[in-house]
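What you see is a predicted model, and the numbers here were worked out from it, not measured in a lab.
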Amino acid sequence: MKFIILAALVAVVASQGYPKPQYPKPQYPAPAYPAPAYPAPAYKAPAYPAPAYPSPSYKTPEYAPMPYSFNWAVKDDPSYNDYAHQETADDKGYVTGSYRVLLPDGRTQIVTYKADDYSGYVADVKYEGEAKYYKPAYKPAGYPSPAYPSPAYPSPAYPAPKYPSPAYPAPKYPTKY
């Protein structure tokens with residue numbers, strides 16, 4: 001117990017901190033020697049030619065586009081997941097496809113796209129259905145409102161408290177400022 005009291009006392013004293021000592025800024029005399037003077041170099045700076053790197057001896061193979069086709073779909077009514085994707089590519093690098101997504105507002109977004117090396121990615125976006133925003137209906141609580149008993153105060157058994165008037169005089173304020 002004495003150790004805890006001693007440790008608390010040391011912590012309080014240590015938290016007080018000591019003031020930082022104030023030392024005067026030192027004044028140094030100017031150096032007594034002149035600044036060094038170096039002569040300009042007597043030689044010409046070398047001129048290096050630009051590096052000539054040989055071209056790589058390997059060549060990146062160019063593969064022809066491979067045709068493919070795939071599609072998949074998910075429709076899970078309990079979780080409201082409804083989306084699909086299908087895509088087809090030919091041997092010339094021309095890709096077409098579409099995907100659809102069920103949006104939270106009840107519409108279905110359908111994106112149809114085309115992609116190739118010349119025109120890039122071009123998409124056409126459409127929406128099916130009408131946007132329906134969810135607004136929950138108000139339902140009052142199924143519980144009756146609570147019935148609190150009326151207070152028993154003040155009553156003859158419990159009179160209102162009487163407070164003494166203050167002992168100081170009421171302040172007097174000037175009427176004009």
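In the displayed structure, Phe70 atom CZ is contacted under 6.0 Å by more than 12 heavy atoms of other residues, nucleotides or ligands.
Two residues are said to be in side-chain contact when any heavy atoms from C-beta on lie closer than 4.5 Å; Pro67 and Asp91 meet this criterion. Contact of the Glu87 side chain with the Thr96 side chain is not registered, since no non-hydrogen atoms from C-beta on lie closer than 4.5 Å.
Both Val101 and Val125 are members of a single hydrophobic cluster when ILVMFWY side chains are connected at heavy-atom separations under 4.5 Å.
Judged as a side-chain hydrogen bond (donor to acceptor under 3.5 Å, both in side chains), and not counting sequence neighbours, Asp90 has no contacts. Partners of Glu130 under the side-chain contact (heavy atoms from CB on, under 4.5 Å) rule, at least two apart in sequence or in another chain, do not exist in this structure. Partners of Tyr127 by ring pair (Phe, Tyr, Trp, His ring centres under 6.0 Å), not counting sequence neighbours: none found. Residues forming a side-chain contact (heavy atoms from CB on, under 4.5 Å) with Tyr121 (at least two apart in sequence, or on another chain): Tyr99, Val111, Tyr113, Ala115, Ala123.
Applying the salt bridge (Lys or Arg N to Asp or Glu O under 4.0 Å) test to residues at least two apart or on different chains, the pairs with a partner in residues 95-106 are Asp82-Arg100, Asp105-Arg107.
Here Lys114 does not pair with Asp116 in a salt bridge; the nearest charged N to carboxylate O distance is not below 4.0 Å.
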Side chain to side chain contact (heavy atoms under 4.5 Å, CB included) evaluation trace for Ile110 with Glu128: CA-CA 8 Å; Ile110 301 171; Glu128 286 183 354; 3.4 Å; yes
Worked verdict on Lys2 versus Ile4 for side chain to side chain contact (heavy atoms under 4.5 Å, CB included): CA-CA 5 Å; Lys2 291 179 183 180; Ile4 294 174; over 6 Å; no
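Closest approach of Ser98 and His85 over heavy atoms only: O-CD2, 3.2 Å. Closest non-hydrogen pair, Thr88 versus Ser69, comes out as OG1-OG, 3.6 Å.
In this structure, CG on Asn81 lies 8.5 Å from CG on Leu102, to the nearest 0.5 angstrom.
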Report, one line per pair, each donor and acceptor closer than 3.5 Å where one atom sits in a side chain of residues 23-40; sequence neighbours left out.
none

